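Some notes on the structure that comes next.
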Amino acid sequence: SESLHTDQSTCFAATLCGSCRDAKMLSCGWLLALLGPGIHEYMMSIMDPHHYNEIIRCLCVLQYLPSTAVNTTLQLQELREQMLELNISAYIIPGTDAHLSEYIAPRDARMAFMTGFTGSAGTAVVTHTKAVLWTDSRYWAQAERQMDCNWELEKDVSISSVVEWLISTVPLGGQIGFDPFLFSLKTQEDYELNLGSSNHSLKSIPTNLVDRVWKKRPSILSDKPDRLPDRVIRNTWQDKVTLIRSQLRDNPYQPTALLLSALDETAWLFNLRGSDIPYNPFFYSYTLLTMDTIWLFLHMERVTEELKVYLNASCNGSLCVQLKSYDSVLAEVKKYVAQPKVKVWIGTEYTNYALYEIITPQDKLMTSSYSPVLTTKAVKDETEQRVLRNAHVRDAVAVIQLLMWLEKAVPAGKETELTAAEYVNKCRSKQKDSKGPSFETISASGPNAALAHYNPTAETSRRLTVDEMYLVDSGGQYLDGTTDITRTVHWGTPTAMQREAFTRVLMGNIEISRTIFPSGTRGVNIEMLGRRALWEVGLNYGHGTGHGVGNYFSVHEWPVGFQSNNIPFKEGMFTSIEPGYYKENDFGIRIEDVVVIIPAQTKHGHNFLTFDTVSLVPYDKKLIDTSLLSSEQLQWLNKYYETIREVVGPELDKQKLYEEKDWMLRNTEPFTSPGSSASTSISSLTLIALAVALVHDII
């Protein structure tokens with residue numbers, strides 16, 4: 001048709017792409033034959049040749065695109081129209097929210113809406129002719145499954161890689177748009193630094209362009225924030241405010257206010273929890289704390305009379321909370337900064353650039369990587385440690401129920417990755433103080449387990465069999481704590497390679513767990529202990545070795561862990577330890593436990609620390625090759641199994657789960673020597689006893 005325009009032809013081609021994807025039978029020759037020489041030449045004449053060739057390329061690789069890929073043509077077309085109006089050549093779409101959260105609400109999943117990719121880490125960039133996603137190795141396979149042929153994947157996550165691509169793609173003098181609410185200060189600085197003198201510039205656009213084209217963007221939930229019960233906390237919110245104010249007062253740079261942007265900061269300070277973020281008990285909020293005022297910014301329609309009373313919201317004293325509209329935070333902070341002799345302290349890791357850029361001049365700003373709330377929250381008090389340990393005991397019961405059930409059910413051949421995930425969620429839901437899963441369960445069998453952060457869907461869920469390894473990474477939210485545990489099992493006969501890889505992953509977990517280190521040691525300095533046994537045979541894994549865990553917070557609680565930007569370890573911190581190994585298209589192994597940092601008893605030194613494991617579920621014995629374990633590692637393993645018996649056994653009795661207790665006892669029998677399990681030793685002793693009896697009879 002003479003009226004066929006470029007955007008319409010693009011839309012037609014992409015629609016054809018989507019409709020043909022399931023058939024997976026299209027080839028370039030077949031496509032060109034379908035178009036015919038006349039239509040082919042006409043399309044070339046009305047479209048940019050590069051754009052047309054990209055469509056042909058898209059259609060020609062359909063046999064490699066799964067049915068899970070999302071058609072993103074329409075939203076890309078509408079976003080590019082917005083870009084034209086603002087005269088920008090590229091637009092950056094981070095995978096976060098205005099609080100720079102790792103886990104975000106559906107209404108903030110802008111990257112997922114634009115790309116189809118639902119992983120928790122990545123950056124998308126759209127130009128007038130291209131669309132590219134950057135993500136890390138955890139999500140490469142997932143991105144290739146979920147993105148359609150409008151998108152290209154860059155297997156990198158660094159800002160330098162994004163900028164290098166922008167410089168080579170965006171015309172000289174072109175402006176690169178971004179939403180300042182979705183950039184941290186460091187992110188903005190890194191983009192500016194890498195762009196350098198390239199004759200490209202960043203353009204801050206406070207109104208998000210994706211929101212403009214997202215017609216069915218989810219609305220904010222109406223759920224109200226809830227206070228934690230007194231039995232799971234030691235310090236009231238007034239105690240915490242007083243403690244943080246003392247840190248402001250004692251700081252030599254003399255800040256007059258503290259701006260809290262991370263959602264868990266406000267939740268911790270006021271002992272409040274919400275439900276805005278799936279699996280994370282947070283509510284949209286900011287806090288501005290001074291020496292004599294407390295401003296809490298939240299959606300006012302959620303404020304109840306009970307909440308007002310709890311927060312002393314009807315008075316004006318130094319321990320009275322002034323409730324303000326969530327959307328007024330920019331204006332209120334700007335108003336505060338306009339006063340003389342004020343200085344605002346921010347944690348740069350979680351304060352967005354939109355807030356940072358209004359705190360001017362620079363002498364009114366004080367920065368640190370993390371706010372004093374985050375560093376204080378990282379060290380659990382005695383009550384928090386006790387209740388978090390208790391939560392892990394109840395959580396162990398749920399995981400033991402899952403493993404026992406799978407052991408019996410899988411040989412029948414009816415269970416799948418999805419039914420296993422549903423079962424463990426059901427088991428947790430029956431435990432005291434359960435508030436649901438702490439993240440979407442990773443239930444992965446065979447080659448799916450080689451994807452470190454795979455989640456089963458109706459399209460991808462595999463049937464569980466005795467011939468494949470199975471990995472389950474799951475966790476629960478409880479009023480008294482957050483849990484996260486991974487176990488890998490095999491119900492048949494594992495290969496020698498699988499046993500060796502599993503054992504070496506276990507050795508890494510044990511080596512970190514049993515290490516003794518000076519207080520103040522950074523996790524990054526001992527992280528390699530988790531990899532050493534794998535490195536010795538040329539194996540490795542592509543994800544971090546551990547992350548902080550808190551008391552009914554996010555399952556990934558910063559700033560504790562083993563990465564370079566985590567804070568030094570102190571007594572009372574909780575972290576996961578989770579080495580792994582993944583053989584592409586074959587199997588995956590991860591062993592994850594949560595540990596608490598406790599004082600270590602040493603012969604000479606003082607102020608040394610070690611880890612105490614609070615995840616209490618046995619490992620799969622048939623996957624452990626004890627001939628690879630040192631005597632120290634074997635001793636640690638037996639002591640751990642003894643702890644499981646002593647701590648989890650009474651809880652199983654209390655819940656009248658006697659079959660589960662028998663299962664636990666069988667699977668925590670001690671190992672007696674390298675190369676032999678307890679069951680083997682018992683069998684050997686039985687044979688010796690029989691031999692002695694026979695000899696006695698003969699004599």
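These numbers come from a predicted model, not from an experiment.
Taking the six-membered ring where tryptophan is involved, the planes of Y619 and Y641 are tilted, since the angle between them lies from 30° to 60°. Classification of the H543-Y582 ring pair by plane angle, with boundaries at 30° and 60°, yields perpendicular. Note on ring orientation: taking the six-membered ring where Trp is involved, the planes of F569 and F517 are tilted (angle from 30° to 60°). Taking the six-membered ring for Trp and thresholds of 30 and 60 degrees, Y640 and W636 have nearly parallel ring planes, at less than 30 degrees apart.
In Q635, the CD atom is not crowded: 12 or fewer heavy atoms of neighbouring residues, nucleotides or ligands sit closer than 6.0 Å. The number of heavy atoms from other shown groups lying within 6.0 Å of CD (Q601) does not exceed 12.
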*Could you go step by step and tell me if D433 and R231 meet the salt bridge (charged side-chain N to carboxylate O under 4.0 Å, His left out) rule?*
CA-CA 12 Å; D433 290 336; R231 60 185 169 84; 2.8 Å; yes

*Could you walk me through whether V524 and F562 pass side-chain contact (heavy atoms from CB on, under 4.5 Å), step by step?*
CA-CA 5 Å; V524 68; F562 293 87; 5.9 Å; no

_Let's go through D653 and K661 carefully: what are the C-alpha distance in whole Å and the side-chain angles of both, what is the deciding distance for salt bridge (charged side-chain N to carboxylate O under 4.0 Å, His left out) to 0.1 Å, and is it a yes or a no?_
CA-CA 7 Å; D653 285 335; K661 183 179 180 181; 2.7 Å; yes

*List the steps and the verdict of side chain to side chain donor-acceptor pair (under 3.5 Å) for T668 and R645.*
CA-CA 7 Å; T668 54; R645 289 180 165 220; 2.8 Å; yes

*Carefully, step by step, assess V399 and D395 under the rule side-chain contact (heavy atoms from CB on, under 4.5 Å).*
CA-CA 6 Å; V399 179; D395 195 73; 4.0 Å; yes

*Yes or no on side chain to side chain donor-acceptor pair (under 3.5 Å) for Y279 and S554, after CA distance, side-chain angles and deciding distance?*
CA-CA 8 Å; Y279 309 112; S554 172; over 6 Å; no

*Please lay out, stage by stage, how Y423 and T441 fare under the test side-chain contact (heavy atoms from CB on, under 4.5 Å).*
CA-CA 11 Å; Y423 192 89; T441 298; over 6 Å; no

_Test side chain to side chain donor-acceptor pair (under 3.5 Å) applied to E459 and T457, step by step_ = CA-CA 5 Å; E459 293 82 11; T457 65; 3.2 Å; yes

*Applying side-chain contact (heavy atoms from CB on, under 4.5 Å), run through I577 and I512 and close with a yes or a no.*
CA-CA 8 Å; I577 299 174; I512 293 180; 3.5 Å; yes

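Between R531 and E527 there is a salt bridge, since at least one side-chain N of the basic residue sits less than 4.0 Å from a carboxylate O of the acidic one. Note on E511 versus R514: salt bridge recorded, some NZ/NE/NH1/NH2 to OD/OE distance being below 4.0 Å. Between K639 and E646 there is no salt bridge, since none of the side-chain N atoms of the basic residue sits less than 4.0 Å from a carboxylate O of the acidic one. Under a 4.0 Å N-O distance rule, the pair R389/D612 qualifies as a salt bridge. Salt bridge present: R487 and D593 bring a charged side-chain N and a carboxylate O closer than 4.0 Å.
In summary, the aromatic rings of F117 and Y139 are positioned with their centroids under 6.0 Å apart. Ring pair H556/Y103: centre-to-centre distance below 6.0 Å.
N566 places a side-chain N or O within 3.5 Å of a backbone atom of P559 that can act as its donor or acceptor partner. Listed for the N509 side chain is no donor-acceptor partner under 3.5 Å among the backbone atoms of E578. Between the side chain of Q477 and the backbone N or O of P437, no donor-acceptor pair lies under 3.5 Å. Of the possible polar contacts, one joining the S137 side chain to the G542 backbone as a donor-acceptor pair under 3.5 Å is found. Side-chain atoms of Q633 come within 3.5 Å of backbone atoms of S630 as a donor-acceptor pair (strictly under, hydrogens ignored). A donor-acceptor pair under 3.5 Å is absent between the side-chain atoms of N390 and the main chain of L388, judged by distance alone. No donor-acceptor distance shorter than 3.5 angstrom exists from the side chain of N607 to the backbone of S519, with no hydrogens or angles considered. A distance-only check finds a donor-acceptor pair linking the side chain of Q498 to the backbone of T495 [under 3.5 Å]. The backbone N or O of L418 sits less than 3.5 Å from a side-chain atom of S461, completing a donor-acceptor pair. Without hydrogens or angle criteria, S434 side chain to Q431 main chain gives no donor-acceptor distance under 3.5 Å.
Within the 4.5 Å cutoff, the side chain of R302 has heavy atoms near those of the L221 side chain. Annotation: side chain of F574 is not in contact with side chain of V560 (no heavy-atom distance under 4.5 Å). Residues E440 and H453 have side chains not in contact (no heavy-atom distance under 4.5 Å, counting atoms from C-beta outward). Between E415 and W405, the closest side-chain pair of non-hydrogen atoms falls below 4.5 Å. When side chains are defined from C-beta on, F283 counts as touching S285, because their heavy atoms get closer than 4.5 Å. By the 4.5 Å heavy-atom criterion applied to side chains, L403 and W663 are counted as neighbours. In this structure, T465 and E468 have side chains that are in contact, with non-hydrogen atoms separated by less than 4.5 Å. Two residues are said to be in side-chain contact when any heavy atoms from C-beta on lie closer than 4.5 Å; H547 and D484 meet this criterion.
Interatomic distance, D276 CG to D223 CG, rounded to the nearest 0.5 Å: 7.5 Å. One finds the CD1 atom of I598 at 8.5 Å from the CD atom of E571 (value rounded to the nearest 0.5 Å). Here the straight-line distance linking atom CG of L471 with atom CD1 of I591 works out to 9.5 Å at 0.5 Å rounding. Here T521 contributes atom OG1 and I516 contributes atom CD1; the two are 12.0 Å apart, rounded to the nearest 0.5 Å. Atom CD1 of I277 is separated from atom CG of D264 by 11.0 Å, given to the nearest 0.5 angstrom.
For the pair K622 and F502, the cation-pi criterion (under 6.0 Å, within 45° of the ring axis) is not fulfilled. R504 forms no cation-pi arrangement with Y581, by the criterion of a distance under 6.0 Å to the ring centre and an angle within 45° of the ring axis. Judged by a 6.0 Å distance limit and a 45° cone about the ring axis, K377 is positioned over the six-membered ring of F553. A cation-pi arrangement is present between R394 and Y478 under the rule of less than 6.0 angstrom and at most 45 degrees off the ring axis.
At a cut-off of 3.5 Å, with distance as the only test, a side-chain donor of Q142 or T118 sits close to an acceptor on the other residue. Looking at Y284 and D108, their side chains do bring a donor and an acceptor atom within 3.5 Å of each other. At a cut-off of 3.5 Å, with distance as the only test, no side-chain donor of R145 or T460 sits close to an acceptor on the other residue. Under 3.5 Å, the side chains of E592 and T486 contain a donor-acceptor pair of N or O atoms. E417 and S445 share no donor-acceptor pair across their side chains, judged by distance under 3.5 Å alone.
Of the listed residues (L657, L652, V424), just one forms a side-chain contact (heavy atoms from CB on, under 4.5 Å) with Q401, and that residue is L657.
G492 and H490 get closest at one heavy-atom pair: N-ND1, 2.9 Å. The two atoms that bring A420 and S443 nearest to each other are CB-OG, 3.8 Å, heavy atoms only.
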